[in-house]
There are 2 protein chains.
Amino acid sequence: MSQPPWQPITPAKPVRQAKEPLTRDRIVDAAMRVLTQSGYEAVSMRKVASELGTGPASLYAHVANKRELDQLLVERTAEQMVFDDPIDPARWQAQLKATMREMLRAMRANPGVARAAIGAVPVGERALRTTERILTLLKAGNVPDQAAAWAVDLIPLYVTAVAFEETVQSASDWTPEDVERFVSNLRTYFEALPADRFPLTVALAAPLTSGADGDARFEFGITVITAGLATLAPTP
Amino acid sequence: MSQPPWQPITPAKPVRQAKEPLTRDRIVDAAMRVLTQSGYEAVSMRKVASELGTGPASLYAHVANKRELDQLLVERTAEQMVFDDPIDPARWQAQLKATMREMLRAMRANPGVARAAIGAVPVGERALRTTERILTLLKAGNVPDQAAAWAVDLIPLYVTAVAFEETVQSASDWTPEDVERFVSNLRTYFEALPADRFPLTVALAAPLTSGADGDARFEFGITVITAGLATLAPTP
DNA sequence: ACCTGAACACCGTTCAAGT
DNA sequence: ACCTGAACACCGTTCAAGT
């Protein structure tokens, strides 16, 4: 099906130029593709460049270095977090937990990004929305200012660490069966320890090795942190 | 000063052989030296090998791969933690905090090891002592078994994440003045944000950027976690 | 059994030269 | 101004060959 003759031969708005110009956004897009498909380890300047059909040197006109590219991936992930639940002071603890769940969800959706996030100071536009939301919830719970400010550091630190731990496990080429076998071996190992020196490790071998399912462990963590923060509110 | 003639010419026990044989321990020693002197980034198979006057291939007879070497560095650090304070059930919360401080101390003493530790499952001999101590303290505080078991994961995760954050900051070639300037700029940035969208971030700009001193922030974290765990003990 | 040189398949970053 | 090829100084790991 060819173009009717009254159409201009050179299209006014080409859908795709022969060679799209490199931009920051296109670089981050490509990096994000590599990240979700092959994990953080695979995100190299060279791989991202070849994903864009060019050489690694070309990226340096738009991105200062690898660290800045990492930061941009973290920022992208923060943009995907949705906090639209209107704040209800009576439910601030439940809402704080839901906020942390949403943070973990977004990091899980971009496997490997936690590795880049764990050492990054969040200053981007959307990371600020997370900060603002946490502060609002803690103020609703009467948590003192300095405590709320520190919690803004503690909460993402915890969520990111959990996400990172998960990706370390899955990044190694272990099948779910391998993980299961490993956990099972670990329980046997704990149970066989000298009971005089490690009485509780032996006695609690089962619960110690039951947390591999992930979600229950994360729920425990956000419960502890939320309850701990709640104790900081002055009781009038 | 030459040897007196009645001394045997070939010494019975040479203080140092011309070429000491490679061992796991010597490799970890060398890696530890590189780690504390130049940080985690510098710990490569090649650098460790050249520290020992050999090539990288030689290490593979004693160490499976880089990941195993990382694990051994973490194990070394765990060995340096001292928990000899006899357990006093009445002071379990204070003692739990002291335990976390000791964990952080040991990681700080080996700058960069946190990076290796953050994705490592602690199974070594000495890491078990940490596990056993945390369990003992939580049992003293009547924390339920499953909660205590999960706390064994949560506590090292938090301490390691804090240590890692610190090394990321110091690993970049920033002087203390650079850090101070960065924090100061960040405060100014927060204060200049649109107050209608980020009211609390603007209002709390000062406390948000005051935590860079480190210790106070860590104290906050261990207080929140300890208080949170205490709420899990059934009140009889 | 342990050690080694050389090679393989990768990195991040720089820089002079092109358009 | 943006892009590129080529180079520099690195990685982890393997493997055949030596002792």
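Below, read A as the first sequence line, B as the second, and so on, with proteins coming before strands; counting in each chain starts at 1.
Listed here is the closest heavy atom pair of A/L59 and A/M45: CD1-O, 3.3 Å. Annotation for B/E102 and B/V82: closest pair OE2-N, 2.8 Å, computed over non-hydrogen atoms. What you find for B/T209 and B/A205 is that their closest heavy atoms are OG1-O, 2.8 Å. Pairing each heavy atom of A/M81 with each of A/R105, the nearest pair is CA-NH2, 4.5 Å.
Shown here are the ring pair (Phe, Tyr, Trp, His ring centres under 6.0 Å) partners of A/F220, two or more places apart in sequence or in another chain: B/W150.
In this structure a side-chain-to-backbone donor-acceptor pair under 3.5 Å is missing from B/S184 to B/E180.
When each of B/V202, B/L200, B/T201 is paired with B/L208, the side-chain contact (heavy atoms from CB on, under 4.5 Å) condition holds for B/T201 and for no other.
Contact check, B/H62 against C/dC3: a side-chain N or O comes under 4.0 Å of OP1 or OP2. Contact annotation: B/S58 side-chain N/O to C/dT4 OP1/OP2 distance is under 4.0 Å. At the phosphate of D/dT4, OP1 or OP2 sits under 4.0 Å from a side-chain N or O atom of A/T54.
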With the sugar-phosphate defined as primed atoms, P, OP1 and OP2, and the base as all remaining atoms, what B/S/- string results for nucleotides 12-18 of chain D, 5' to 3', for protein heavy atoms under 4.0 Å?
BBBB---

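Between B/E41 atom CD and D/dC10 atom C1' the separation is 13 Å, expressed in whole Å. In this structure, A/I27 places its CD1 atom 12 Å from P of D/dC2, rounding to the nearest Å. Rounded to a whole Å, the CZ atom of A/R24 is 16 Å from the C1' atom of D/dC2.
Put simply, the side chain of B/T167 does not reach to within 4.5 Å of the side chain of B/Y40, judged on heavy atoms.
Atom P of D/dA9 sits at a distance of 22 Å from the matching atom of C/dC10, rounded to the whole Å.
Consecutive Watson-Crick or G-U pairs involving DNA chain D, each under 3.5 Å on both distances, make up stems of three or more pairs at C:4-8 with D:12-16, C:12-16 with D:4-8.
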